[in-house]
S.K.: 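Attaching a single structure in structure tokens format; questions to follow.
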Amino acid sequence: MNVLTHIAQFFSPLGHYISYILAYLFETIFFIAFVMVVLVMMIYLFRKYMARLQLRIGPNRVGKFGLLQLIADSLKLVGKESILPRKRDDFPYKVAPVVVFLGLVLALALLPYGDFFYIGSLTITHSGVSVILLFAAIAIMPVGELLAGVSSSNKYAVMGALRGVAKDVSFEIPMMISVLALVMMASGRTSSPLNLESLVSTQYIPYGIPEVIGLFVFFIAMIARASYSPFDMGESDSELVSGHSTEYTGMRFGLFYMGMFGSIFLGSMMVSLLYLGGYNGPFSSDAGFVYLLIKTMILVVISFTIWLSLPRIRIDKFVNMGWKYLLPISVINLIIAGFLTLGVGLL
Amino acid sequence: MKTGDVGLITTTLDKAMEWGRSNSLWPLTFGLACCAIEMMAIQASNLDISRFGSEIFRNSPRQSDLMIVSGTVTKKMAPRLRRIYDEMPYPKYVIAMGVCVIQGGPYNQGYSVVLGVDRVVPVDVYVPGCPPTPEALTHGIITLQKKIRNETDR
Amino acid sequence: MIGVKEVEEPKKQIPLVGTLKAMMVVGKHLFQKPVTVQYPEVRPEIPDRFKFRISLSLDDCVGCTLCEQVCPNLSIHMNKVERENQRNKRKIYPDVNFGTCTVCRNCEEICPTDAIYLTHEFETARTRNSFTYSPEELSMPEEEVIK
Amino acid sequence: MLVEIIEETKGKDGRRILKVAKENLIELMTELKKQGFNHLSLITGVDRKDKIEVVYHLHNFESKKYIIVKTETLDERVPSVAGLWSSANWDEREQYDMMGIVFEGHPDLKRMFLPENWVGHPLRKNYDLKKVQYINMDEDGNDYATFDPGDGW
């Protein structure tokens with residue numbers, strides 16, 4: 001049983017085909033709504049947490065504890081005038097924020113979410129090669145940022161977009177190599193190591209313990225990909241005004257803003273799935289989704305602490321870090337993983 | 001549907017938008033002179049302006065709603081100030097902070113200072129003082145929120 | 001004489017130790033109380049020597065025009081006000097333009113009868129550029145002026 | 001020193017003040033630079049109504065000595081020292097802008113802060129404050145002065 005069959009059962013009087021078409025539609029809507037709610041909660045959490053770390057209070061005027069703050073923000077963003085630059089490249093300019101947001105939704109849709117009590121499995125897609133699909137999906141978001149930067153005919157936006165691409169190129173390769181090590185380890189235990197679900201289910205002990213180096217590399221690369229401080233050179237607000245989103249107003253900017261928080265959530269989710277045991281937990285396996293959320297939220301809070309305490313790294317040092325340190329480290333990790341797989345196989 | 005009903009819906013919508021706008025005023029990172037130092041203090045822990053929703057000092061004028069003109073506006077700066085104001089999307093609000101911005105202040109007999117920033121951009125709230133304390137500026141922002149919600153006539 | 005101080009080269013740290021230290025320092029604040037003063041509800045602490053708004057005691061003013069002469073920004077002008085005051089034979093009282101006043105406190109210092117004095121009030125923000133206070137308004141607290 | 005100095009006094013803080021005719025200025029400055037005064041702190045001008053005084057503040061980093069050189073001009077013309085100290089370039093442009101002192105031999109003598117067509121030099125005693133001038137910016141970002149309040153601010 002999963003969400004899809006539940007919804008299809010609800011519409012079953014309409015016949016098999018129609019009920020499944022409606023079920024797919026509703027599942028999509030539910031999922032996008034879920035992503036939106038999660039992002040709004042993330043932004044609220046971030047603001048409160050930032051205020052707490054700076055001995056402030058944070059938003060507390062609208063609603064109890066300022067819970068309606070994000071609603072006020074989104075109302076305002078919807079009501080803002082939409083300014084389009086005169087020399088823009090029209091189609092890419094308009095499509096870029098949607099590309100960023102859809103890339104995020106697509107990547108989140110490929111993750112396995114585990115079971116949730118009587119609803120059953122919350123996982124949406126069941127693909128044999130979901131690891132490859134996931135890396136294809138998270139490569140879409142930088143494309144949207146590049147489109148936004150180049151099409152808005154603003155020097156700061158172009159600079160920010162190019163920096164973002166340099167960052168993504170130099171950090172995606174170590175990330176993928178460290179995941180390759182995971183796939184290698186899993187291949188001894190399952191027949192489909194490229195499936196995220198089997199990657200999670202083979203973690204009798206979490207992969208983070210034998211693969212500490214891989215976890216380290218993957219976590220840093222995830223932070224870099226989400227492009228917040230200390231790696232926010234795409235949107236470095238003291239020299240490039242606001243990076244690729246400089247020319248965007250209103251809700252178009254809101255999509256970029258949510259995409260940034262979404263990539264933190266996505267990164268934390270991936271780390272907890274791949275390295276920390278995912279939806280495996282000590283007690284009943286019905287609460288798999290809860291375990292996953294708890295692990296993700298701990299990682300999100302750690303990411304926020306990193307964001308709020310560290311200053312930005314210079315762009316050349318940062319790109320050097322990707323190519324000169326993380327890439328060799330991940331290759332060494334791959335060799336270690338090979339030996340570990342051999343050892344496990346011998347045992 | 002009668003016209004009166006539409007009016008009811010639109011007024012409710014207007015109220016909601018006013019509520020949203022007044023509780024989410026993102027200021028522009030824009031400081032001209034000594035008043036800017038006091039302006040920074042409203043963001044700090046003691047008089048946390050994010051309680052009112054003005055959490056983010058956006059760097060891009062495209063994404064900010066509120067321009068706090070903090071400091072002497074010279075005649076040379078006035079065209080630039082006007083350009084930044086024009087770059088902001090509607091609805092936009094301006095707070096004139098300090099007596100230099102209101103009527104020229106101590107430079108009101110000089111050759112180089114604009115005698116009041118309301119000659120350059122339309123101003124919503126004037127905060128006198130040289131410089132105003134952060135508390136006074138916070139009071140100015142509260143006044144602006146009330147003005148957006150049509151609650152005050154100071 | 002300007003001297004040059006020799007500074008030792010900082011020791012090279014193990015990577016990531018400084019990063020973790022910074023995160024620890026920031027994280028410690030989670031266990032401290034916020035220092036925010038909830039301004040509109042709670043009155044913020046104002047230092048004794050902070051003065052902002054000019055007030056006038058109409059009974060004490062003798063109309064000597066010293067404040068008008070000493071004001072560096074020409075913010076004070078003398079105004080004719082019909083009012084019974086035995087000491088003020090000329091019946092002229094100062095009005096103050098807050099739009100140019102820089103709170104230098106020269107008027108308070110020079111006033112021979114302490115008629116002009118400065119108060120702690122700071123909530124003077126307005127939505128109109130009309131900051132000229134008449135003598136009667138100067139003698140009132142700020143809330144009454146707004147009404 | 002071979003240069004003829006009109007008057008030598010001491011300031012309140014013990015700095016030497018040399019007064020020199022403007023014909024001998026370059027000669028004196030070259031000599032001073034040879035002696036190690038390699039930092040020109042600032043150039044100021046004083047409007048004495050009938051004449052204009054130009055004051056140079058020099059600093060020697062090695063012996064930590066200051067020296068002040070004054071010269072006078074009746075026709076607002078002074079030889080430029082931009083060839084000796086590069087920092088004099090902008091200082092002299094500022095003095096030209098604010099005081100109207102023309103530095104002869106300056107590589108690029110134009111106004112520094114105010115637009116090119118601004119009338120008068122604001123720090124001069126005979127500057128007309130009653131005549132209000134406004135500034136506006138054209139499309140390329142260049143300023144121009146105007147007397148029409150509708151055109152500028």
Side-chain angles (χ1 to χ4, degrees), chain A residues 43-44 46-63 65-85 152 154 156-157 160 232 235-257, chain B residues 10 12-31 40-67 83-93 134 138 141-142 144-146 148-149 151:
Chain A
I43 297 173
Y44 175 75
F46 171 69
R47 288 198 179 176
K48 276 294 197 188
Y49 187 69
M50 174 164 80
R52 204 61 198 75
L53 283 185
Q54 294 168 355
L55 299 183
R56 297 189 282 120
I57 293 177
N60 70 344
R61 294 290 140 149
V62 269
F65 308 118
L67 277 169
L68 301 180
Q69 182 61 53
L70 266 297
I71 297 176
D73 278 357
S74 39
L75 263 181
K76 181 207 71 176
L77 282 177
V78 168
K80 288 292 266 190
E81 180 193 5
S82 176
I83 294 179
L84 303 170
S152 52
N154 182 319
Y156 303 115
D232 61 340
E235 204 193 305
S236 40
D237 33 12
S238 46
E239 67 251 31
L240 310 175
V241 177
S242 187
H244 54 83
S245 61
T246 300
E247 287 285 343
Y248 282 85
T249 57
M251 211 57 215
R252 289 207 175 92
F253 161 70
L255 285 179
F256 280 120
Y257 193 64
Chain B
T10 46
T12 330
L13 201 65
D14 273 357
K15 276 262 177 278
M17 292 311 277
E18 280 166 9
W19 173 81
R21 274 166 197 159
S22 66
N23 281 312
S24 162
L25 289 167
W26 293 355
L28 178 66
T29 315
F30 181 65
M40 291 171 212
I42 65 166
Q43 206 191 4
S45 310
N46 201 13
L47 269 169
D48 176 19
I49 199 63
S50 74
R51 289 178 293 136
F52 304 99
S54 311
E55 174 112 33
I56 310 161
F57 269 73
R58 287 305 304 178
N59 290 67
S60 171
R62 301 274 191 222
Q63 292 140 20
S64 45
D65 319 293
L66 170 64
M67 183 154 102
R83 178 171 281 190
I84 291 173
Y85 179 79
D86 288 340
E87 279 170 359
M88 283 162 65
Y90 200 81
K92 46 194 171 187
Y93 307 100
T138 314
I141 288 177
I142 294 169
L144 177 62
Q145 286 187 332
K146 284 180 183 163
I148 296 170
R149 294 195 292 256
E151 282 174 9

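Because the structure is predicted, anything quoted here is derived from the model rather than measured.
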S.K.: Measuring heavy-atom distances to chain A, does B:Asp65 have an atom under 4.5 Å in its side chain, in its backbone, in both, or in neither?
M.R.: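 When you check distances to chain A, atoms from both the backbone and side chain of B:Asp65 fall under 4.5 Å.
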S.K.: Can you label the angle between the A:Phe253 ring and the B:Trp26 ring as parallel, tilted or perpendicular, going by 30° and 60°?
M.R.: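 Ring orientation of A:Phe253 relative to B:Trp26: perpendicular.
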S.K.: Heavy-atom distances under 4.5 Å only: say whether A:Tyr257 touches chain B with side chain, backbone, both or neither.
M.R.: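 Contact with chain B: side chain only.
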S.K.: Give, as side chain, backbone, both or neither, the part of A:Ile83 having an atom under 4.5 angstrom from any heavy atom of chain B.
M.R.: side chain
S.K.: Test your reading of the model: is there a side-chain donor-acceptor pair from B:Gln63 to the backbone of A:Ser245, 3.5 Å cut-off?
M.R.: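 Between the backbone of A:Ser245 and the side chain of B:Gln63 there is a qualifying donor-acceptor contact (under 3.5 Å).
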S.K.: Tell me, for B:Gln43 versus chain A, whether the close heavy atoms (under 4.5 Å) come from the side chain, the backbone, both or neither.
M.R.: backbone
S.K.: Using modelled atom types and a 3.5 Å cut-off, is there a donor and acceptor pairing between side-chain atoms of B:Asn23 and backbone atoms of A:Gln69?
M.R.: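 Judged by distance alone, no pair lies under 3.5 Å.
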S.K.: Under 3.5 Å, is there a donor-acceptor pair between the side chain of B:Ser45 and the main chain of A:Gln54?
M.R.: yes
S.K.: Who among A:Leu77, A:Asp73, A:Thr249 has the most heavy-atom pairs with chain B under 4.5 Å?
M.R.: A:Asp73
S.K.: Measure across A:Val62 and B:Trp19 and return the closest heavy-atom pair with its distance rounded to 0.1 Å.
M.R.: CG1-CZ2, 3.5 Å
S.K.: Please rank A:Gly79, A:Gly250, A:Gly58 by heavy-atom pairs under 4.5 Å with chain B and give me the top one.
M.R.: A:Gly58
S.K.: Within the side chain of A:Glu81, is there an N or O that forms a donor-acceptor pair under 3.5 Å with the backbone of B:Pro91?
M.R.: no
S.K.: Counting only heavy atoms not in A:Tyr156 (residues, nucleotides, ligands), do more than 12 fall under 6.0 Å from its OH?
M.R.: no
S.K.: For B:Ser50 and A:Arg56, run side chain to side chain donor-acceptor pair (under 3.5 Å): C-alpha distance rounded to whole Å, both residues' side-chain angles, the deciding distance at 0.1 Å, then the answer.
M.R.: CA-CA 9 Å; B:Ser50 74; A:Arg56 297 189 282 120; 2.9 Å; yes
S.K.: Tell me the closest heavy-atom pair linking B:Arg62 and A:Thr246, and the distance in Å.
M.R.: CG-O, 3.3 Å
S.K.: Hey, what do you get for CG (A:Leu70) to OG (B:Ser24), rounding to the nearest 0.5 Å?
M.R.: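 Atom-to-atom, A:Leu70:CG and B:Ser24:OG are 9.5 Å apart.
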S.K.: Tell me, out of B:Met17, B:Arg58, B:Arg21, B:Glu18, who's got the most heavy-atom pairs with chain A below 4.5 Å.
M.R.: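 Maximum pair count with chain A is reached by B:Arg58.
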S.K.: Tell me, for B:Ser54 versus chain A, whether the close heavy atoms (under 4.5 Å) come from the side chain, the backbone, both or neither.
M.R.: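 Neither the backbone nor the side chain of B:Ser54 comes within 4.5 Å of chain A.
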S.K.: NZ of A:Lys76 to OG of B:Ser22: how many Å apart, nearest 0.5 Å?
M.R.: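 Result: 11.5 Å between the selected atoms.
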